[in-house]
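A short worksheet on the structure shown next.
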Amino acid sequence: MPELTFIIVYILTGITVGFIAGLLGAGGGGILVPLLTTIFTWQGINPEHVIHLALGTALSCMILSSAASTRAHAARQAIAWKLVGGLAVGISAGAFLTTHVAAAIKPFYIAVFFSAFMALIALQVFIKWQPSRDNRPIRQQELITSGFFIGAVSALAAVGGGFLSVMYLSYKNIDIKRAVATSAAIGLPLAIVGSVGYMISGWSDTLSLPLTLGYVYLPAFVVISVSSVLMAPLGVRCSHALPEASLKKIFAILSLLLSIRMLFSVSTLQM
């Protein structure tokens with residue numbers, strides 16, 4: 001087992017991630033990756049495994065939070081279940097295939113991709129860019145294709161797909177509240193499939209590392225998952241007390257800071 005110090009750090013990380021996830025409606029993966037990268041490096045884990053472990057563990061931590069979020073939105077009948085099916089198929093395929101590709105990519109390049117992705121999210125909010133809406137009917141093939149792209153990008157950056165799927169659904173003229181709820185439901189299969197993919201792809205690489213299932217570090221997964229789920233409701237309550245514009249600015253600033261932090265965390269990695 002990890003030292004008590006790291007267990008406490010995991011608890012604090014879960015509390016932070018759970019609160020922010022509830023506050024901003026994010027799945028928590030984008031927040032967790034740079035944090036776990038820093039913690040795993042601090043623990044002395046081999047730098048060759050740090051980024052992949054952070055990705056796999058972050059996705060696994062999203063399973064419980066995504067399930068809780070989906071249940072809450074389903075209780076309000078806000079999820080467009082007809083869209084979830086096609087998107088989930090594409091997302092699952094894209095995420096699973098990408099986890100195997102990611103295992104062969106050097107950590108430095110994954111870190112750069114993650115940082116660029118988070119910076120793009122921040123830029124989108126700062127410049128208030130929104131795609132023009134498409135009123136054409138949504139076809140099943142289009143859902144699967146779009147889902148594949150969302151799943152691939154999300155698995156490589158360990159995000160729940162919320163940013164991309166909400167943008168896509170808004171582009172298809174879906175009400176924003178319904179788009180957010182549907183995105184939450186999509187995040188669950190993505191987290192499950194992505195976690196399994198990272199477990200399989202990292203199985204042989206982490207045989208010498210204790211308490212791991214492939215690229216999922218079990219102590220971090222258990223402690224962070226539980227503490228984040230317990231803390232998320234407080235974040236949700238706070239989110240209703242703040243105006244939407246303020247929440248977007250907080251999200252953008254946080255995304256930019258995480259992007260910069262990720263680059264600093266891997267500055268010692270070789271290309």
Side-chain angles (χ1 to χ4, degrees), residues 1-21 27-65 98-118 155-159 191 194-229 231 254 257-271:
M1 285 293 292
E3 297 177 8
L4 179 60
T5 300
F6 294 117
I7 297 297
I8 295 174
V9 170
Y10 292 149
I11 293 173
L12 294 176
T13 300
I15 289 173
T16 302
V17 169
F19 178 78
I20 294 176
I31 302 167
L32 265 177
V33 173
L35 293 179
L36 286 175
T37 299
T38 302
I39 296 170
F40 290 160
T41 301
W42 181 25
Q43 283 186 237
I45 294 177
N46 190 329
E48 293 182 2
H49 299 312
V50 164
I51 296 295
H52 293 101
L53 274 174
L55 288 167
T57 305
L59 277 171
S60 67
C61 290
M62 287 165 51
I63 294 176
L64 287 182
S65 60
T98 301
T99 56
H100 291 279
V101 174
I105 301 176
K106 291 184 178 181
F108 176 84
Y109 296 114
I110 295 178
V112 170
F113 175 83
F114 176 91
S115 298
F117 184 78
M118 297 303 289
L156 196 55
V159 293
S195 299
V196 172
Y198 275 113
M199 288 179 189
I200 295 173
S201 64
W203 193 267
S204 60
D205 287 344
T206 58
L207 287 175
S208 61
L209 291 177
L211 303 173
T212 59
L213 283 177
Y215 286 131
V216 175
Y217 188 61
L218 296 178
F221 159 63
V222 173
V223 176
I224 292 174
S225 293
V226 173
S227 54
S228 64
V229 168
M231 193 64 179
L254 179 63
L257 291 176
L258 290 172
S259 172
I260 296 171
R261 178 57 188 164
M262 186 63 162
L263 287 179
F264 274 110
S265 296
V266 297
S267 60
T268 59
L269 294 177
Q270 295 181 355
M271 295 176 59

Legend entry - side chain to side chain contact (heavy atoms under 4.5 Å, CB included) partners for Ala220, two or more places apart: Tyr10, Leu36, Phe40, Thr57, Tyr217, Ile224

Legend entry - Shortest non-hydrogen contact from Val216 toward Gly56: CG2-O, 3.6 Å

Legend entry - Interatomic spacing from CE in Met199 to CG in Leu59 - rounded to 0.5 Å: 10.0 Å

Legend entry - Rounded distance (nearest 0.5 Å) linking atom CG of Leu35 with atom CG of Leu12: 11.0 Å

Legend entry - Heavy-atom pair with the smallest gap, counting every atom of Ser225 and Ser60: OG-O, 4.3 Å

Legend entry - Separation between NE2 of His52 and OG1 of Thr37, rounded to the nearest 0.5 Å: 11.0 Å

Legend entry - Gap separating the OG1 atom of Thr16 from the CD1 atom of Ile11, nearest 0.5 angstrom: 11.5 Å

Inset, instruction - Taking all heavy atoms of Ile7 and all of Val223, pick out the closest pair and write down the distance. - result: O-CG1, 4.0 Å

Legend entry - side chain to side chain contact (heavy atoms under 4.5 Å, CB included) partners for Ile63, two or more places apart: Leu188, Ala191, Ile192, Ser195

Inset, instruction - Can you run down the side-chain hydrogen bond (donor to acceptor under 3.5 Å, both in side chains) pairs that involve residues 203-216, sequence neighbours left out, and say none if there aren't any? - result: Asp205-Tyr215

